[in-house]
Amino acid sequence: MTTALDHPLVEAAHRLADDVLAPAAEEHDREGVTPEAVAAVKASGVLGVNAPAEYGGWAAPAAVGREIAEILAGACCSTFFVQAQHHTPVRLLVTGGEEAEAARTRLLRPLSEGTQLAGIAFSHLRAYPRLPVRATRVAGGWRFDGRVPWYTGWGLNDVLLLGGATEDGEVVFAFAEAREQPGLSPTEPLRLAALTGSLTVGLVLDGLVLPDDAVAVRTPHERWATDDRPKNTNTNPAVFGVARAALALLDAGGDDEARETAASLRTRLDAARRDAYALVDEVPPAERLDDRLAVKMRAYALLRAATTAALSAGGGRAFGLSSPAQRLAREGLFLVVQGQTDEVRTAHLRALRSRECGT
């Protein structure tokens, strides 16, 4: 029986991870993901994993995309995070209505073939009814004003998908070139405890006007929020990828105690992974959200245990900046707060409180 592991893109992801990303992961962590690494990502084909075949993509099953995400995150989470932004604009162009036709015609093929890399700037929409980025109708297009707090891949991406909300509650997504231009300027790169190498900045919007043919989606915020909510209750495949990489370090240490610890944690991690992906594959997206959150908390706990075990086994040398153990531990902390909503935060704190109380 053919599985996700047999897919040629999974093989390509392993080559990319082994030959390019893992050897440079510590350098990327300290200095930033390089254009050469992005070029290798583009050439590998992984940017088209979920893109339609008629536009040059692979139209691969969701399980293939998850496997690739785990492989790349375990090799170099900074590079994984840069390319992870790309897949949402592709999906939006595929599912968009008539208003997306011009953008789809212009952008879907280069994004599917991987000749262009896209970024995203819309997490601030979850702050509604506050309007960190206000969209206003103008002649022939839309004007965007405000500040995007997080934008990943500045200087590496070719295009960006920008989201704003109107005063009357409509959400507008439109594409722009990912470069400084009138009405759009970046802040200095954000200095983060982890994934500084992802070249994340803020974006200052002061009268950026994008034409109607740049629009991908216009929809009521309530409808967008309803569709968005379940996504963040699911476990990010990167959590399993980073945890697996930490367990591989334990196995490689040559110590029986470390290997036994790795085996025990791997069994529990595999079980959490099966449960998390079954909920995604077998249950409608808006259902069993509490179960999705519960398995996500299990995955977080196992990620924390795996990265802590790798640090403990490595001892003092594991804190050197050349050690993968300290990088994986910091990447694990980043994944806990990446894409965090109030709902996820509450569930996580309650889970931690429950464990501390021994219940």
Side-chain angles (χ1 to χ4, degrees), residues 4 10 13-14 16-18 20-30 33 37 41 46 63 65-85 87 152 192-198 200 232 234-253 258 261-277 280 295-314 318-340 344 348 351:
V10 171
H14 276 298
L16 173 66
D18 295 342
V20 179
L21 302 188
E26 274 65 57
E27 180 183 355
H28 288 169
D29 179 59
R30 295 191 301 269
V33 175
V41 171
V46 299
R66 293 193 298 255
E67 188 69 30
I68 290 171
E70 291 186 22
I71 293 165
L72 300 187
C76 175
C77 202
S78 290
T79 306
F80 157 77
F81 195 52
V82 170
Q83 69 81 43
Q85 320 300 307
H87 305 288
T152 293
L192 307 175
L195 272 70
T196 286
S198 65
T200 296
N232 289 304
N234 292 318
T235 308
N236 186 342
V239 169
F240 299 116
V242 171
R244 281 177 161 184
L247 297 180
L249 281 182
L250 278 177
D251 279 332
T261 301
S264 174
L265 289 174
R266 186 174 288 108
T267 298
R268 292 154 58 194
L269 187 72
D270 288 345
R273 182 178 183 269
R274 285 193 299 272
D275 291 346
Y277 291 166
V280 175
V295 73
K296 185 168 188 161
M297 297 312 116
R298 282 169 55 201
Y300 279 165
L302 289 163
L303 172 64
R304 184 169 61 251
T307 55
T308 301
L311 281 171
S312 179
F319 272 81
L321 289 180
S322 62
S323 167
Q326 54 80 32
R327 172 178 54 79
L328 291 168
R330 290 185 290 105
E331 290 171 351
L333 291 174
F334 174 86
L335 291 173
V336 167
V337 298
Q338 183 267 321
Q340 184 186 66
V344 173
H348 196 190

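Keep in mind that the numbers below use all heavy atoms, side chains included, and drop hydrogens, waters and symmetry copies. Predicted model, so just to flag it, every value in this text is computed and none were measured.
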*Asks:* Roughly how far, to the nearest 0.5 Å, is OG1 of Thr235 from CZ of Arg66?
*Replies:*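 Nearest 0.5 Å value for the CZ-OG1 distance: 10.5 Å.
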
*Asks:* What distance separates His28 NE2 from Thr196 OG1, expressed to the nearest 0.5 Å?
*Replies:* 14.0 Å

*Asks:* Between atom CD of Glu67 and atom CZ of Phe240, what is the distance when rounded to the nearest 0.5 Å?
*Replies:*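 Here the interatomic distance stands at 11.5 Å.
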
*Asks:* Is there side-chain contact between Leu195 and Glu331, with heavy atoms separated by less than 4.5 Å?
*Replies:* yes

*Asks:* Just say parallel, tilted or perpendicular for the rings of His348 and Tyr300, cut-offs at 30° and 60°.
*Replies:*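 Aromatic pair His348/Tyr300 classed tilted.
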
*Asks:* Taking side chain to side chain contact (heavy atoms under 4.5 Å, CB included) as the criterion, tell me which of Val33, Leu16, Val41 meets it with Gln83.
*Replies:*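 For Gln83, the side chain to side chain contact (heavy atoms under 4.5 Å, CB included) test succeeds with only one of Val33, Leu16, Val41, which is Val41.
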
*Asks:* Do Glu27 side-chain atoms and Ala24 backbone N/O form a donor-acceptor pair below 3.5 Å?
*Replies:*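 Here the side-chain-to-backbone pair does not exist.
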
*Asks:* Please give me the minimum heavy-atom distance between Gly74 and Ala245, naming the atom from each residue.
*Replies:*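 Gly74 and Ala245 have their closest heavy atoms at O-CB, 3.5 Å.
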
*Asks:* Less than 3.5 Å apart, any donor N or O on the side chain of Ser198 or Ser78 sitting next to an acceptor on the other?
*Replies:* no

*Asks:* Do the side chains of Glu26 and Arg330 get close enough for a salt bridge, i.e. N-O under 4.0 angstrom?
*Replies:*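 No.
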
*Asks:* For the backbone of Leu321 and the side chain of Arg30, can you confirm whether one donor and one acceptor N or O come within less than 3.5 Å of each other?
*Replies:* yes

*Asks:* Could you give the distance from CZ (Phe80) to CG (Asn236), rounded to the nearest 0.5 Å?
*Replies:* 5.0 Å

*Asks:* Minimum heavy-atom separation for Ala262 to Leu247, with atom names?
*Replies:* CB-O, 3.8 Å

*Asks:* Can you give me the closest heavy-atom contact between Thr307 and Leu328, atom names plus distance?
*Replies:* CG2-O, 3.6 Å

*Asks:* Can you tell me how far the CG atom of Leu249 sits from the OG atom of Ser323, to the nearest 0.5 Å?
*Replies:*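 Answer rounded to 0.5 Å: 7.0 Å.
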
*Asks:* Check whether Ser312 reaches the backbone of Thr308 with its side chain - one donor and one acceptor, N or O, closer than 3.5 Å.
*Replies:*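 No, the answer is negative, given that no donor and acceptor are paired below the 3.5 Å cut-off.
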
*Asks:* Should Phe319 and Leu311 count as side-chain neighbours, where that means a heavy-atom distance under 4.5 Å?
*Replies:* yes

*Asks:* Between Thr79 and Leu72, does a side chain to side chain contact (heavy atoms under 4.5 Å, CB included) hold up when you go through it step by step?
*Replies:* CA-CA 7 Å; Thr79 306; Leu72 300 187; over 6 Å; no

*Asks:* Answer yes or no: is there a side-chain heavy-atom contact under 4.5 Å between Val344 and Met297?
*Replies:* yes

*Asks:* If you take all heavy atoms of Ala4 and Val10, which pair is closest and at what distance?
*Replies:*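 Where Ala4 meets Val10 most closely, the heavy atoms are O-CG2, 3.1 Å.
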
*Asks:* Can you measure from CD (Gln340) to CG (Leu335) and round to the nearest 0.5 angstrom?
*Replies:*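 So the gap between those two atoms works out to 12.0 Å.
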
*Asks:* For Asn232 versus Lys296, what's the shortest heavy-atom pair and its separation?
*Replies:* O-NZ, 2.5 Å

*Asks:* So which heavy atom on Ala69 is nearest to which on Pro237, and how close?
*Replies:*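 Heavy-atom minimum between the residues: CB-CB, 3.9 Å.
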
